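Worksheet: the structure to be examined is printed underneath.
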Amino acid sequence: PGKIQFRKHHLNIAKIFIDQGVIQLIIHKNDSLLNMRFLLDYFASKDTVKKTDTSSRPWHITFSRVELEDTRFHYQDENQPRVDTGMDFSNIDVNHINLLITDFQPDGDTLNANIKRLSAIERSGFAIHSMSGEFHVSPAFLKAHKLRLVTNHSDLDLSFDFLYKQWNDYTDFLNKVKIKAKISPSDFDLQDLGAFAPIMYAMKDKFRISGDVKGSVSNFHASGFRIGFGSDTRFYGNISANGLPNVEETFVDLHVNSFISNKKDIDTFRLPGDAGSLTLPDFLQNAGKCNLKGYFTGFYNDFVANGK
């Protein structure tokens, strides 16, 4: 049951349940405020007299359980141009939301919650088939710990922090959103990033990955990283890369403890956009299965190596 504690200024709501709900947040043309702003202003205190009782404390409101079934969430800023491909962060439309949250606790501008289950489909086609984890969201970060996530093409087990200066940084996700992640063995398909960076839709490259990652997608460092790809390709070591998603112009610094691959696997690696597949340098065209370790610095077709 819910509980109210007057002395502690604490209100706990036991359960909120929404079935086939529609939540719409809209900034209308030639306006700068959300459509719900008038409600917030209406319920805001209009008392302009300065308070002298400094012992008064704000109420702390928590929710033990929040459940949504087949619900829609729509956010649109009508002042922004439409984006036809990928996720449009000025016109987000999420349907068939099935969600169970426990321990939902607002704390200033931060929302804390345990998501027990979530499935949903965004207008762009990006789908969450199942998700659970501990979440903390604010205007400066999105933290997901003990996350299990199954999307269209990936199955992930990790904890991550997305760090940014403002929500609008998601419109340049590859460069402006900083990532700190600890990845347990997971299946990750690069084409899932196409919803955030459409040039990557063509990269139908599935990897088995684990390790620690810091930085942005375009400029990151991965330590203790393991990658499996194709039939034989295996990597273990540290990776620094600057320049993604343009693979041909990405500068890479590798400390390779172990790397095994073959020409067939490399030939099947898809590049972003219309670039097709990787083209090996001439001196590697007849290479068979290779086994390497050492240091490699440079571009994929122009590098300095010290290895064996």
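Below, all heavy atoms of this structure are taken into account, side chains as well, without hydrogens, waters or symmetry copies. Computed from a prediction, not measured in an experiment: that's the story for all the values here.
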With clusters defined by side-chain heavy atoms of hydrophobic residues (ILVMFWY) lying less than 4.5 Å apart, directly or transitively, does Y164 cluster with L174?
yes

The residue among F135, F196, W167, F173 that forms ring pair (Phe, Tyr, Trp, His ring centres under 6.0 Å) with F162 is F173

### Message
If we ignore hydrogens and angles and just use 3.5 Å, is the side chain of D265 paired with the main-chain N or O of D232 as donor and acceptor?
### Response
yes

T250 and G243 have their tightest heavy-atom pair at OG1-C, 3.2 Å

Residues pairing under ring-ring contact (aromatic ring centres under 6.0 Å, His included) where one sits in residues 95-119, two or more places apart or in two chains, turn out to be F63-F104

query = Between D161 and K178, is the closest basic N to carboxylate O distance under 4.0 Å?
reply = no

Subject >> Polar side-chain atom of N79 near backbone of N30 as donor-acceptor pair, under 3.5 Å >> reply: yes

- Salt bridge or not for K116 and E67, using N-O below 4.0 Å? no

side-chain contact (heavy atoms from CB on, under 4.5 Å) with V256: of Y295, F296, Y236, only one passes, and it is F296

Worksheet item: Can you find a side-chain donor-acceptor pair between S64 and N12 that sits under 3.5 Å?
Response: yes

Less than 3.5 Å apart, any donor N or O on the side chain of H74 or D93 sitting next to an acceptor on the other? no

D253 and T297: side-chain donor and acceptor closer than 3.5 Å?
yes

Side chains of Q105 and D107: do they bring a donor and an acceptor to under 3.5 Å?
no

Besides F251, the hydrophobic cluster formed by Ile, Leu, Val, Met, Phe, Trp and Tyr side chains linked at under 4.5 Å, directly or via other members, contains F299

Does E78 have more than 12 heavy atoms from other residues, nucleotides or ligands lying within 6.0 Å of its CD? yes

